[in-house]
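Contents: one structure, followed by commentary.
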Amino acid sequence: MKVLDDRGTTTTEYALTTLAAATLAGLLLTFVAGGWVEQQLQKVLRLALDLPW
């Protein structure tokens, strides 16, 4: 089957890319807001501040 008219292909690609980016942003926001990331960052900072300089 030969596609003779591919108008709208770019628009569809942009729409799917935007949807994927928004989905990833939502997941990242949920992940960061969950508190686990904050706890891990606090652990890293505590370890870094406890190192003997």
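Predicted model only: the values in this text are computed from it and were never measured.
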(request) Could you list all the ring pair (Phe, Tyr, Trp, His ring centres under 6.0 Å) pairs where at least one residue sits in residues 12-31, not counting sequence neighbours? (result) F31-W36
(request) Taking all non-hydrogen atoms of both residues into account, name the closest pair between V37 and V32 and its distance. (result) CG2-CA, 4.0 Å
I'd like a table of donor-acceptor pairs (distance under 3.5 Å, sequence neighbours excluded) in which one partner is a side-chain atom from residues 19-30, with atom names and distances.
from: T23; atom 1: OG1; to: L19; atom 2: O; distance (Å): 2.8
from: T30; atom 1: OG1; to: G26; atom 2: O; distance (Å): 2.9

